[in-house]
Q: 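Have a look at the structure that comes next, please.
These numbers come from a predicted model, not from an experiment. By convention in this document, chain letters (A, B, ...) are assigned in the order of the sequence lines, proteins followed by strands, and residues within each chain are numbered from 1.
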Amino acid sequence: MTNKGKFYITTAIAYASRKPHIGNTYDVVSADVIARYKRARGYDVFFCTGTDEHGQKIENYAAEAGISPQQYVDNISAEIKRICELLGSTHTHFIRTTDDYHVKAVQKLFTKLYTQGDIYKDSYEGWYCVPCESFFTDTQAKDGVCPDCGRPLRREKEEAYFFKMSKYQDKLLSFLEQNPDFVTPENIRREMINNFIKPGLQDLCVSRSSFKWGIPVEFDQKHVVYVWLDALTNYITALGYSPDKKDEKYEKYWPCDVHVIGKDIARFHTIYWPIFLMALGEPLPKKVFAHPWLLFGNDKMSKSKGNVMYADDLVELFGLDAVRYYLASAMPLTTDGSITYESVISCFNTDLANTFGNLASRTVAMTKKYFGGTVPAPAEPTEFDAELKEAAKAAYDGFVENIENYRISDAVNSAMELSRRANKYIDLTTPWALAKDESQKARLGTVIYNLLETLRIASLLLTPVMPGACGKILSVIGADGDEFESAATFGALKDGYTVGDLPILFARVDEAKMMEKINGDK
RNA sequence: CGCGGAGUAGAGCAGCCUGGUAGCUCGUCGGGCUCAUAACCCGGAGGUCAUGUGGUUCAAAUCCCAUCUCCGCAACCA
């Protein structure tokens, strides 16, 4: 496989305050699908995810739990890491903002920005809740009470360091105007330009002195670095970046090819992050992919609504491949996606059990029944064969085109479309009828070969999404070493191989029974 | 008030940029097949594409304008 160069992909780091629900993990799954795909194409992939572990909220939660903030984030971070692994994430690095190398790099970079005049000392003013020890914005505090505890807020001031956003505003605007592809989807870019940049950027508060749980400012120890200068810089510190020395890894992988994030933090990634990098004199990332949210039905998932779904439960009920498939296929590009147990069951039965799993099952079964399990060599093609080959080509092209543009659900659907087409091919060619006529043996061989080959192609395409099931199929039909790009060529499957046993990959789910089980567990 | 989306068959979505017989999945009704996980295949029914019987055009879901409804953002909560 030829090396196509490097590919650096990141997810947003998860805030280590609470256990994440399935919607929070979409980042990781979608980034993992892309990372696996890129690796399969021959890229040297660096895939980074991790946890954001500082801040007032964590300090408060730790105090409630009666443990130190460090103990608290150790627990949550381990839990988040476990969930990433449970979901099959193939990240190459898991960063924690409490990691020593990150802390040191952030301190140095803060000092550098201060020394060069991008950071200055002033005071921060906002609505403050004394019991919660938290500041809130005007919109958050619109009723004059704390959005967390409901008690009255009061106007407070504290000393803080600020970053001069205004200084880089024009540069950022022209960058965004000249790089319309920087943000996907495009509407986010318009929103940022119109709402924030054109009216004039406010300087950003980058330190706090009202709480302690954060990275101390080197030259002014009563301050800790506040949020974004700590969190966003993970993308470069993970590669060993520090203002005074750039690691070899940094030189190799930066700039980032794509930051996968939720749309809610688009502002920080398309405005503050590029500006921080400009100030540091480093190249900007190539793309920010801001995906929509995964809603429960039509509602935002929240504990108080009792509609939260977790990765653990879904994987236990449906299996890893199915959960990944659902997430990859159910998320539209610009509007929010939706998940319910019913929709997962329906997707599972329709796409995975009936269409894809059953295609694999019947194809392998016919190979055994008609050819003793040996992959037959193809003979003279007919028009049905040509149509199937065209469909395979279209599936490959569609998959690649879509995934390269981060249209993951469209990519998945391209592959599934091929499976549907193959099921139709079986009806058109009626192999069971051919089998009754000895003179049709060669024709039957061609049909079975074409089906196995189609199965190989569909499986290769879907491997980044469902590595388990697809890997199993490929190994059973003797194609487990095949490169992704061989899916572009119909006929790459070698004949003469004896197929193995294929277990039921996706056993149909009885919706009523499954719902009973789910509701019983609650 | 501002900014960004969305409004297309019972449900979920695509199509809109680059106008030209309204498409996909599920569901539903009818038929076919038996290799397969009661799966698979074919066909039917079902939409005045939010509204304005608005503008541009030979032609508009697609471009323009106005209105209505829903959602998100509105800057220091990640």
Side-chain angles (χ1 to χ4, degrees), chain A residues 12-18 24 52-58 124 126 132 134-140 147-148 160 162-163 165 185-196 198-206 208 226-228 231 262-268 271-272 292-293 295 298 300 329-330 332-338 340 342-343 346-347 349-370 407 409-410 413 416-417 420 422-435 444 447-448 451 502-509:
Chain A
I13 49 176
Y15 195 56
S17 58
R18 294 287 195 231
N24 303 139
D52 175 16
E53 311 189 357
H54 293 122
Q56 175 86 64
K57 211 173 237 174
I58 284 172
Y124 176 76
C132 296
S134 294
F135 276 97
F136 296 98
T137 64
D138 287 349
T139 21
Q140 286 173 305
D148 281 353
F162 284 81
F163 186 98
M165 287 293 160
E186 228 212 304
N187 57 294
I188 300 230
R189 183 169 135 269
R190 278 194 285 275
E191 207 169 311
M192 294 305 141
I193 291 174
N194 291 334
N195 282 328
F196 299 103
K198 288 202 169 152
L201 287 177
Q202 291 175 21
D203 288 350
L204 182 75
C205 175
V206 288
R208 281 294 161 86
Y226 186 58
V227 194
W228 295 106
K263 64 178 183 181
D264 49 327
I265 51 175
R267 188 171 93 237
F268 308 104
I271 296 178
Y272 301 146
W293 281 335
L295 306 179
N298 294 315
K300 220 165 142 173
S329 65
L333 192 63
T334 51
T335 57
D336 289 336
S338 157
T340 59
E342 289 86 347
S343 65
S346 159
C347 167
N349 282 340
T350 302
D351 285 0
L352 299 182
N354 297 353
T355 301
F356 186 63
N358 186 39
L359 172 68
S361 174
R362 64 200 302 212
T363 299
V364 170
M366 283 192 281
T367 308
K368 288 185 175 174
K369 188 161 184 169
Y370 302 141
R407 303 169 69 107
S409 66
D410 289 340
N413 196 48
M416 200 49 63
E417 186 55 40
R420 289 188 203 105
N423 277 321
K424 178 172 179 166
Y425 176 81
I426 296 178
D427 265 55
L428 293 172
T429 54
T430 59
W432 53 90
L434 297 173
L444 178 62
V447 167
I448 298 303
L451 282 169
L502 186 69
I504 298 276
L505 298 168
F506 304 102
R508 265 185 79 81
V509 166

Q: Quick one: which of G5(B), A78(B), C35(B) gets closest to the side chain of W432(A)?
A: C35(B)

Q: C71(B) and G20(B): how far apart are their P atoms, nearest whole angstrom?
A: 33 Å

Q: How far does the P atom of C13(B) sit from the matching atom of G72(B), given to the nearest Å?
A: 16 Å

Q: Between A22(B) and U48(B), how many Å separate the two P atoms, rounded to a whole number?
A: 13 Å

Q: What is the separation between atom CZ on R362(A) and atom P on C33(B), rounded to the nearest whole Å?
A: 15 Å

Q: Is a donor-acceptor pair below 3.5 Å formed from side chain D427(A) to base G32(B), judging by atom type as modelled?
A: yes

Q: Between G5(B) and R190(A), is there an OP1 or OP2 to side-chain N/O distance shorter than 4.0 Å?
A: yes

Q: May I have the distance from L505(A) (atom CG) to A36(B) (atom P), rounded to whole angstrom?
A: 16 Å

Q: Taking the nucleotide of RNA chain B with the closest heavy atom to each, which residue, I504(A) or V227(A), is nearer the 5' end?
A: I504(A)

Q: Roughly how far apart, to the nearest Å, are G7(B) and G15(B) at atom P?
A: 10 Å

Q: Which nucleotide, in any strand shown, forms a Watson-Crick or G-U wobble pair with A66(B), with both distances under 3.5 Å?
A: U51(B)

Q: Quick check against the 3.5 Å criterion: does T340(A) have a side-chain atom that pairs as donor or acceptor with the backbone of S343(A)?
A: yes

Q: If you look at every strand shown and take non-hydrogen atoms under 4.0 Å, does A507(A) touch a base, only sugar-phosphate, or nothing?
A: base

Q: What's the CE-C1' distance between M416(A) and C26(B), to the nearest Å?
A: 15 Å

Q: Any side-chain N or O of K424(A) less than 4.0 Å from the OP1 or OP2 oxygen of C40(B)?
A: no

Q: Could you give the distance separating G46(B) and C58(B) at their P atoms, to the nearest angstrom?
A: 33 Å

Q: Does the pair W432(A) and T430(A) meet the rule for a side chain to side chain contact (heavy atoms under 4.5 Å, CB included), with working shown?
A: CA-CA 5 Å; W432(A) 53 90; T430(A) 59; 3.6 Å; yes

Q: Identify whether any heavy atom of G200(A) sits under 4.0 Å from a base atom; if not, whether one sits that close to sugar-phosphate; answer base, sugar-phosphate or nothing.
A: base

Q: Does L359(A) or D351(A) map to a spot on RNA chain B nearer the 5' end, using the closest nucleotide for each?
A: D351(A)

Q: Mind checking if I265(A) touches a base, just sugar-phosphate, or nothing, with heavy atoms under 4.0 Å?
A: nothing

Q: Between A11(B) and A74(B), how far apart are the P atoms? Round to whole Å, please.
A: 32 Å

Q: Is any side-chain nitrogen or oxygen of N354(A) closer than 4.0 Å to OP1 or OP2 of C40(B)?
A: yes

Q: Please confirm whether R267(A) makes a cation-pi placement over Y272(A), using NZ or CZ under 6.0 Å from the six-membered ring centre and within 45° of the ring normal.
A: no

Q: Within the structure, does a side-chain N or O atom of Y226(A) lie under 4.0 Å from either OP1 or OP2 of A78(B)?
A: yes

Q: In this structure, how many angstroms lie between the P atom of A14(B) and the CD atom of E417(A), rounded?
A: 16 Å

Q: Using a 4.0 Å heavy-atom cut-off, does D203(A) contact any base of the nucleic acid, only the sugar-phosphate backbone, or nothing at all?
A: base

Q: In whole angstrom, give me the gap between the P atoms of A50(B) and G12(B).
A: 15 Å

Q: Classify R508(A) by what it touches in the nucleic acid, base, sugar-phosphate, or nothing, heavy-atom distance under 4.0 Å.
A: base

Q: May I ask you to say what N358(A) touches in the nucleic acid, namely base, sugar-phosphate or nothing, with a heavy-atom cut-off under 4.0 Å?
A: base

Q: Take atom P in G31(B) and the same atom in C24(B), then report the distance between them in whole Å.
A: 23 Å

Q: Checking all strands, does T350(A) fall into the base, sugar-phosphate, or nothing category for heavy-atom contacts under 4.0 angstrom?
A: sugar-phosphate

Q: I need the CD-P distance between E191(A) and G5(B), as an integer number of Å.
A: 8 Å

Q: Determine whether a donor-acceptor pair (N or O, by modelled atom type, separation under 3.5 Å) exists between the side chain of S329(A) and the backbone of S409(A).
A: no

Q: Which atom pair, heavy atoms only, marks the closest approach of I448(A) to Y370(A)?
A: CD1-CD1, 4.3 Å

Q: Calculate the interatomic distance between D410(A) atom CG and A14(B) atom P; express it in whole Å.
A: 8 Å

Q: Would you mind classifying the nucleic acid contact of Y272(A) as base, sugar-phosphate or nothing, using non-hydrogen atoms under 4.0 angstrom?
A: base

Q: Who does G2(B) pair with, Watson-Crick or G-U, both distances under 3.5 Å?
A: C73(B)

Q: Check the angle between the aromatic planes of F268(A) and W228(A) and answer parallel, tilted or perpendicular using the 30° and 60° thresholds.
A: parallel

Q: For U21(B), give its Watson-Crick or G-U wobble partner with both distances under 3.5 Å, or none.
A: none

Q: Rounded off to whole Å, could you give me the CG-to-C1' distance for the L204(A) and A78(B) pair?
A: 13 Å

Q: Taking CG from L352(A) and P from A39(B), how many angstroms apart are they, rounded to a whole number?
A: 15 Å

Q: Taking only side-chain nitrogens and oxygens of N423(A), does any of them come within less than 4.0 Å of OP1 or OP2 of A36(B)?
A: no

Q: Distance from C205(A) atom SG to F162(A) atom CZ, nearest 0.5 Å?
A: 4.5 Å

Q: Examine C40(B): is either OP1 or OP2 under 4.0 Å from a nitrogen or oxygen in the side chain of R420(A)? Give yes or no.
A: no

Q: Return the CZ to CD1 distance between R362(A) and I426(A), rounded to the nearest 0.5 Å.
A: 3.5 Å

